[in-house]
Structure formats: structure tokens, C-alpha cells
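FYI, side chains are in, hydrogens and waters are out, and symmetry mates aren't considered; it's all heavy atoms of this structure. Numbers restart at 1 for each chain; the letters A, B, ... are given by sequence-line order, proteins then strands.
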Amino acid sequence: MQREKINYLLKSDDFGRKIKISGWIRAERGNNYVRFIGLNDGSCLDHIQVVADVEKFEEALLKRFNVGAALSVVGTLKASEGKGQRIEIIADTIEVLGDADPDSYPIQPKKHSLEFLRENAHLRSRTNTFSAIFRVRHALTYAVHKYFHDNGFYAWHSPILTASDAEGAGEMFRVRNFLLEKKKLTFGKTTTWGGLSYQSPTSNQISAVYSNEFKGLFLNVEELIEKHFFNKHKHFFEGLVNFCKQEEQDRLINYETPKSLLWSSPTEIDALSEVWKKYEHTDKLTVAKEINAFFTSEQEKYILDLLGKSMKSNDTVNTINFINNIPITKLCFHNWIPSNLLDDNESVEFFGRKTHLTVSGQLEAELGALGLGKVYTFGPTFRAENSNTTRHLAEFWMIEPEMAFYEIEDNMDLAEDFLKYLIRFALENYADDLAFLDKRFTEENNAKKKEERAEQGLLEKLQSVIETDFVRISYTEAIDILLQSKPHKKGKFQYPVEWGIDLQSEHERFLVEKHFKKPVILSNYPRDIKAFYMKQNEGEEAGKETVRAMDVLCPGIGEIIGGSQREENYEKLKARTDAMGITDELWWYLDTRKFGTVPHSGFGLGFERLVLFVTGMSNIRDVIPFPRTPKNAEF
RNA sequence: UCCUCAGUAGCUCAGCUGGUUAGAGCAUCUGACUGUUAAUCAGAGGGUCGUAGGUUCGAGUCCUACCUGAGGAGCCA
């Protein structure tokens, strides 16, 4: 028998028909005679009510109908006898596909905090709110592709791994193959070497070290050695020294095999421990000398020479050299020193050069547009910024259309039309989910303090966005408005307003939420606060040069789109890349201006910010299934 | 990374200027109830008060450090 979807059944009315459904129990009530089970299969927001006559089922089976369990039900579709739902299913047979122990299943049939559900992100798609959010997210995903396809764009897969770090869009994640590190010891755990166990530092301890004792990351070697090598991890150090002593380089690099060889001589450990005890409270140079005496071979001398040198020096370079020159310390120290300080050696790079995770596919998208006419990318992007806000993620999805023969005004037209289309698509196709989110939004909003409340409901807001024209003003006009605004005159802005500043979020919020009360497109920003590739306006007085940038700001979430017309003039662009010292690296980008250059434009839309806007959620971590933020990559 | 706030039962939270045996609602378990709708009623179990130090005769409460979370800022999408 074929399983039917609940969203379909809830709309049907051919009563008396035998059907089969499967889903998860969302609600369960009843008495000694009859049980009511709310079953949801994710196909829609509502669940369908399954009615089970107690006498038809074994007591042992009935006991397994707990919230969260998965059932497969065969029964008859009927008009409901009770109030609250139109139809229900009188069950003939019920099979428990998967039990959910009520003692340990975390999702209860009650309202959970978003924080709690975030920590249980693997199960949160089983809740009303999150299933609605993710269905809307799907709607928007689909609408993006549909819009572009219908409007003559081609999907363009720009690379995720990139050697260019010139986009200027924030910190990047380094991509490495870690062939060496793969062999390193296990850290943050108790490691047993030759019958002795060592508590190695955890990453938390290490970051604590960086944030406090070594602020700024300029490691004072003496301190490092003293505090961490000796004091805190002396056992580890003892092992380290011994390890250096015994292992040849090849062995070190092929670390997996020789574990059994590591501690062949317990007397050496004892001897070293004695040395250690003697000098525990004396200065480290004495310790170094004493250790020096302990070593005899040429290799040992070499190590000690380096150790001694770096102990006397304060600078990072020497530390790194020291660490890199002793294979085992290199392996160990990779846990203690940010990897970007180590191994800028191209020979160990997988791609033969430094590579990163992309922060933007724009530069490559331009290459596509300057051949295919109109292209768009829709893929993941990565920012290594330590940002902890409700609108930033380390991994997020970005949509970047890029169009040849588009001036800045065409770009704005597209951005506005595109946004409206996406919202309209969601409203038309996922009305139930949005109605639910609207209700939720209103409840949340009413719980807020009066001055923080949004004036419009969610649906009302979305409707107004698709019906009204976005405000379009220049940066200069925006500054004028701000200068004449009440908060500025009363000194309420925390940051001063003057031509040339980058607008702070308090300024943007004032423009969008207080002054215009609708989406605003700002354009023509000062050149000096924008990226190198933006087209420079002509005939402007010195010090007041602007570029054809545009930002679309939306109420509640701020900047949702950032874009520009691109500089298509080879000389002007080269002047900017020269100034930044990236001309050589970007030869291929400049080539597009050398051969058949044309005016072109594009923008980037942060997909999660769009989902935030449409769902009315307030934290970006709740609109992506598994958010990545600093210190969080669970799931 | 900075600022502010928070961390007490499975969840949400109360716990006053330090003072005897740390509480409530929901959830769970047991029992009652012929159609429930966040079911209802009666009872039971459930806690290293984020971690480590410190002050004190005495710390959930005060101090210090760290960890984690939230909100705001910066960076941006």
C-alpha cells in the first residue's frame, strides 16, 4: 500500500477510503477507551489526527505511542467527530517504525526556547517553527533559481577554494591539506606513552593562553617555555625532549608506527625528572643549560642550540624557526600556535600556494558575465571573522548575480525586482507556514518592550515591501538627512555623522526604520570606504570621490544586499590594484578589462538574511539548519 | 575581539541585604476519567546551584579567573 502525504490528505474529503500514512507523533492524548495521536510527516505545518480504539491494540503497543516516535498507520479517512480538526483517520493497524523514549527525547510538546532548540539542532526540524522556517527557506531557494532562469541568467559555479585573498571581504579560512599535522599526537586528552600518561593541553586552554597571557599573539619564547612548556606541561615536555632524542626525522613524520619505541628507557625519564625538580623554581636559562648537559649526541646538541637561541630571543620568527626545525616540536606546537604563523612554505601546500575558502564568488562571476552576459552564483561562502551577532555566520549562502551591459541603475532595478519576486513567491506558495510564522512573530513582538516593538506584523511587512517602491538615495543625501535628523541634533547618535564616514548600523537603522520606514537603496559611496573594483564616478572634486556602490537596507536586518557597478576601465582599475599590491595576483581579472571590456554590475545577497527577513526570525542561527559560528560546529 | 546580562530539576524560571532540609509550572512515572485539542484530576521520583579557586563560623547568594550562552558594537552578507 502506497504511503500518502499528510498535506494532501488534509485537503481531501473522499471519506471512507483506506489510506496509509507515516510520520512522527507530535501530540498524544486519550483515556482508557480511545487515543488521539497527532501525526506529522513534514509535508506541511499541520498534523493529522489518528484515532486509535484502545481495544483494537495491544497495551504494549499503545505504550509506545510517545511524542517523537515514528509510526506507520493504515486506516480509514473520516470526517472528524471532535472539534478542532476537519478530518481524522480511524486506525486499523499501527506499526511503530521507531520508538522515542519519553524520558530522554528532548523535544516536548511545549514551547521550547530557541537557544535550547539550537543546541538540539539535529531534532529541531521536527518542531512547527523550524519545519515552517525550512520550508520557507526551500521556497526561497527554489524561487532564486526560477527567477534567474526565467530572466535569462545562467547558473555559474564559482570556486569554493580560492588562492585569491584580495576580495577584501573579511578574514578568510585557510585551506591546507595538513599532511604533517595528520600524524600529530592527540591533544586535549590523556595520552599514554610507554606506560606513562600525559594530560596534554586542550584547545580551550590554548585559546585562554592566547587571549590573556599572550595578547596579540607575539609570543615571548621565554614565557612560552616557562609557563607552558615547563610549568604547566612539564610532563609533556619531558616526553617531548625524550622523543626528540630518540626519534629520527623519518620516524617522526611517520608517527603512527613507532609508539612502542617511544619510552624504551624509563631511566632517562627519571633522570630528566630529577633535573626538572631541581630547577623547577629557578630561571629557565639555568634549566636549559642543565638540560644541555643531559644531551650528548650531535642531534641533541643541535636541538639544544636552537632551544637556547629561541629562549634568548623574543621574536616570533625565531620561535617559528625553532619549532619548525625540530620535527616533533613542530608537530606538537601546531596546537599551540595559530597555523597561519607556521609553514608559509609553498612546497607543503596542496595547490602549491596559499589557498582559502571563498569569501565571495564575485570576481569569478564577473568572468562568467563577460562572456555569458548574465550569470549568478548561489553557493556557500565563508568568513573567519570572530563575529558574534544575530546576523553573521562563519558559513553562509550567498547569491551573486553579475550582468554585462548593466549600469548601476539597472543593478538597482534588478535587486528590487528580485527581492520582491522572492517574497511574493513565498507568500503565494507557502502561505500556511508564513501565517504560522506571522502569529509567532506577533507573539514575540508583543512580549517585547514597547520601544523595541516592530510597528508592522510579518505578513503586513512583507506585503508592504512587495507593493511599495524602494527609496533610492545617494550616500551624500543620506548624510544630509542624518545631519538634519533629530537624533543627530540631540546628540543621540553614538557615532558622529560627517561625509566620508562609513555609516554605522545606528545610522542605517534610523534611515530605514524611522525616517523612510521601508527598504532603502543607498548608492554612490565615498571611494575610500569601498572595495577596489567599484566603478569610480567622474568629475568629482578631490577628497570627495565616490564609487558606484549600492547597498539595499531592510527594516530589522540592515544590509541585505551589497553591490556595485564594476570598474571596467583598465587603467583606473589597475591604479587601484597597484595601490593595493594585488595586480600580479589578479592578472586574470584585469585581463577582462584589457580585452573587450564593457560596463557591468552585480551584487551579493546574503541568503540567510533574506530568510530572516521573510520568516521574521531574529537570529540568523535559526534560519540555517546547522549554523557555524565561532566556537560552534556541532552537527 | 569589545561592552552588558545570564548559567539553579529533562525544559522555562523563582530563590530578598550570605543563615537550618533549595522551590514552582511544564515534562516524566503511577493511578482515575467514553472524543481529547497546551486535555483534566490525585500522587511519586527527579539537583555536585556552569567549572576552579577564594572570603566567611556558614556561600545558590559576596570576590577572582575561566568556560558556555544571549543581546549590543565592530566587520559584513
Side-chain angles (χ1 to χ4, degrees), chain A residues 26-38 47 49-55 63 66-68 80-85 88 90 101-120 128 167-171 202-205 207-213 215-216 359-360 362 380-400 448 452 494-495 502-506 508-509 529-531 551-554 557-563 603-613 618-621 629-632:
Chain A
R26 285 287 184 78
E28 199 268 336
R29 290 176 287 273
N31 50 42
N32 287 336
Y33 303 88
V34 64
R35 291 294 187 79
F36 304 97
I37 302 163
H47 54 238
Q49 176 156 287
V50 174
V51 182
D53 280 326
V54 167
E55 59 182 17
K63 288 219 174 214
N66 300 311
V67 170
S80 179
E81 284 177 33
K83 290 172 203 156
Q85 60 281 315
E88 62 190 19
I90 309 300
D101 174 20
D103 267 333
S104 49
Y105 183 63
I107 310 294
Q108 299 163 8
K110 61 171 257 186
K111 189 168 174 168
H112 285 289
S113 68
L114 293 173
E115 289 85 0
F116 176 75
L117 291 169
R118 231 171 268 154
E119 284 163 19
N120 292 281
N128 284 340
E167 277 114 346
E171 294 295 313
T202 64
S203 58
N204 281 346
Q205 286 172 316
S207 57
V209 166
Y210 285 127
S211 56
N212 290 293
E213 296 174 55
K215 227 160 195 170
V359 292
S360 159
Q362 179 203 317
T381 24
F382 307 88
R383 303 280 164 89
E385 241 105 36
N386 189 5
S387 36
N388 253 309
T389 79
T390 52
R391 19 174 237 293
H392 289 88
L393 291 165
E395 174 186 280
F396 64 100
W397 289 66
M398 186 151 66
I399 299 148
E400 297 185 290
K448 283 185 189 165
E452 288 170 14
Q494 198 189 331
Y495 293 87
D502 210 350
L503 293 178
Q504 302 293 317
S505 56
E506 60 176 354
E508 293 180 350
R509 205 170 302 141
I529 60 171
K530 286 290 179 182
D551 284 351
V552 180
L553 311 177
C554 280
I557 49 170
E559 186 179 341
I560 193 170
I561 284 179
F603 60 80
L605 166 66
F607 185 59
E608 281 74 21
R609 292 203 182 160
L610 173 72
V611 183
L612 266 186
F613 188 70
S618 51
N619 192 319
I620 201 161
R621 290 160 227 172
T629 52
K631 293 187 183 149
N632 180 13

Using the side-chain heavy atoms of A:R29, tell me which of these nucleotides is nearest: B:rU37, B:rG74, B:rA77. B:rU37
Inter-nucleotide P distance (B:rG45, B:rU8), Å rounded: 23 Å
Roughly how far apart, to the nearest Å, are B:rA59 and B:rG25 at atom P? 30 Å
If only atom types and distance count, is the side chain of A:T381 paired as donor or acceptor with the main-chain N or O of A:F396 below 3.5 Å? yes
Please work out if A:G82 contacts a base, only the sugar-phosphate, or nothing of the nucleic acid, heavy-atom cut-off 4.0 Å. base
Hey, is the main chain of A:R609 close enough, under 3.5 Å, to the side chain of A:R391 for a donor-acceptor pair? no
Return the set of residues passing side-chain hydrogen bond (donor to acceptor under 3.5 Å, both in side chains) with A:R509 (not counting sequence neighbours), or none when no residue passes. none
Between A:N31 and B:rG35, is there a contact of a side-chain N or O with OP1 or OP2 at under 4.0 Å? yes
Are any protein N/O atoms closer than 3.5 Å to N/O atoms in nucleotides 27-31 of chain B? If there are, list each pair with its distance.
from, atom 1, to, atom 2, distance (Å)
B:rU28, O2', A:D103, OD1, 2.4
B:rU30, OP1, A:K63, NZ, 3.4

Could you give the NZ-to-C1' distance, from A:K111 to B:rC13, as a whole number of Å? 15 Å
Give one of base, sugar-phosphate or nothing for A:F603, where a contact means two heavy atoms less than 4.0 Å apart. nothing
To the nearest Å, give me how far apart CD (A:E395) and C1' (B:rC76) are. 17 Å
What does A:E81 touch in the nucleic acid at a heavy-atom separation under 4.0 angstrom: a base, only the sugar-phosphate, or nothing? base
Straight-line distance of A:E171 CD to A:N386 CG, nearest 0.5 Å: 10.0 Å
Give the rounded distance in Å between these two atoms: CD of A:Q494 and P of B:rC2. 17 Å
Just how far, in rounded Å, is P of B:rG10 from CG of A:D101? 14 Å
Mind checking A:E88 for me? I need base, sugar-phosphate or nothing, with any heavy atom below 4.0 Å counting as a touch. base
Among all residues two or more places apart in sequence or in another chain, which pass the ring pair (Phe, Tyr, Trp, His ring centres under 6.0 Å) test with A:F613? none
Sequence neighbours left out, what passes ring pair (Phe, Tyr, Trp, His ring centres under 6.0 Å) with A:F116? Give chain and number order. A:H112
Taking any heavy-atom pair under 4.0 Å as a contact, classify A:E608: base, sugar-phosphate, or nothing. nothing
Classify the nucleic acid contact of A:S113 as base, sugar-phosphate or nothing, counting any heavy atom under 4.0 Å across all strands shown. sugar-phosphate
Within this structure, what is the CZ-to-C1' distance between A:R26 and B:rA38, rounded to whole angstrom? 14 Å
Whichever of A:W397 and A:E506 has its nearest RNA chain B nucleotide further upstream toward 5': A:E506
Listed partners of A:E28 passing side-chain contact (heavy atoms from CB on, under 4.5 Å), at least two apart: A:I25, A:R35, A:I37, A:F65
So, is A:Q504 near the phosphate of B:rG74, with a side-chain N or O under 4.0 Å from OP1 or OP2? yes
For the base of B:rA77 and the side-chain ring of A:F607, does the geometry meet a stacking cutoff of under 5.5 Å between centres and under 30° between planes? no
Looking at residues at least two apart in the chain, or sitting in another chain, which of them share a side-chain contact (heavy atoms from CB on, under 4.5 Å) with A:R621? A:R118, A:N388, A:L393, A:N619, A:P627, A:T629
Reading RNA chain B 5' to 3', how would its secondary structure be written in dot-bracket notation, given Watson-Crick and G-U pairs with both distances under 3.5 Å, brackets [ ] for crossing pairs and | for partners on other strands? (((((((..((((.....[...)))).(((((.......))))).....(((((..]....))))))))))))....
I'd like to know if A:Q85 reaches the base of B:rU37 with its side chain such that a donor and an acceptor end up less than 3.5 angstrom apart. yes
Please state the P separation for the pair B:rC16 and B:rA77 - nearest whole angstrom. 47 Å
For A:P102, give me all partners under side-chain contact (heavy atoms from CB on, under 4.5 Å), at least two apart in sequence or on another chain. A:N66
Whole-Å distance, A:R35 CZ to B:rA39 P, equals 13 Å
Just how far, in rounded Å, is C1' of B:rC76 from CD1 of A:I529? 13 Å
Given the C1' atoms of B:rA42 and B:rG53, what is the spacing between them in whole Å? 47 Å
Expressed in whole Å, how much space separates the P atoms belonging to B:rG54 and B:rU30? 46 Å
To the nearest angstrom, the CZ-C1' distance between A:F116 and B:rG10 comes to 7 Å
side-chain hydrogen bond (donor to acceptor under 3.5 Å, both in side chains) partners of A:Q494, counting only residues at least two apart: none
Contacts of type side-chain hydrogen bond (donor to acceptor under 3.5 Å, both in side chains), residue A:D551, not counting sequence neighbours: A:Y525, A:K530
For residues A:M398 and A:Q362, determine if any side-chain heavy atom of one lies less than 4.5 Å from a side-chain heavy atom of the other. no
Distance, P atom - from B:rG23 to B:rG47, rounded to whole angstrom: 13 Å
Look for any protein N or O under 3.5 Å of an N or O in nucleotides 69-72 of chain B and output each such pair with its distance, or none.
from, atom 1, to, atom 2, distance (Å)
B:rA70, OP1, A:R118, NH1, 2.7
B:rA70, OP1, A:R621, NH1, 2.8
B:rA70, OP2, A:R621, NH1, 2.9
B:rG71, OP1, A:N619, ND2, 2.9
B:rG71, OP2, A:N619, ND2, 3.1
B:rG72, OP2, A:T390, OG1, 3.2

Separation between the P atoms of B:rC5 and B:rG46, rounded to whole Å: 37 Å
What nucleotide, of B:rU37, B:rG35, B:rU12, holds the atom closest to the side chain of A:F36? B:rG35
Name all residues meeting the side-chain hydrogen bond (donor to acceptor under 3.5 Å, both in side chains) criterion together with A:D101; count only those two or more places apart in sequence or in a different chain, and write none if there are none. A:S104
Can you check the distance between B:rC3 and B:rA44, where both ends of the measurement are the P atom (answer in whole Å)? 49 Å
Sugar-phosphate, base or nothing in reach of A:L610, heavy atoms under 4.0 Å: nothing
Closer than 3.5 angstrom, by distance alone: can the side chain of A:E506 be matched with the main-chain N or O of A:Y495 as a donor-acceptor pair? yes
Between B:rC11 and A:H112, counting only base atoms on the nucleotide and side-chain atoms on the residue, is there a donor-acceptor pair under 3.5 Å? no
So what does A:K83 touch, heavy atoms closer than 4.0 Å: a base, only the sugar-phosphate, or nothing? base
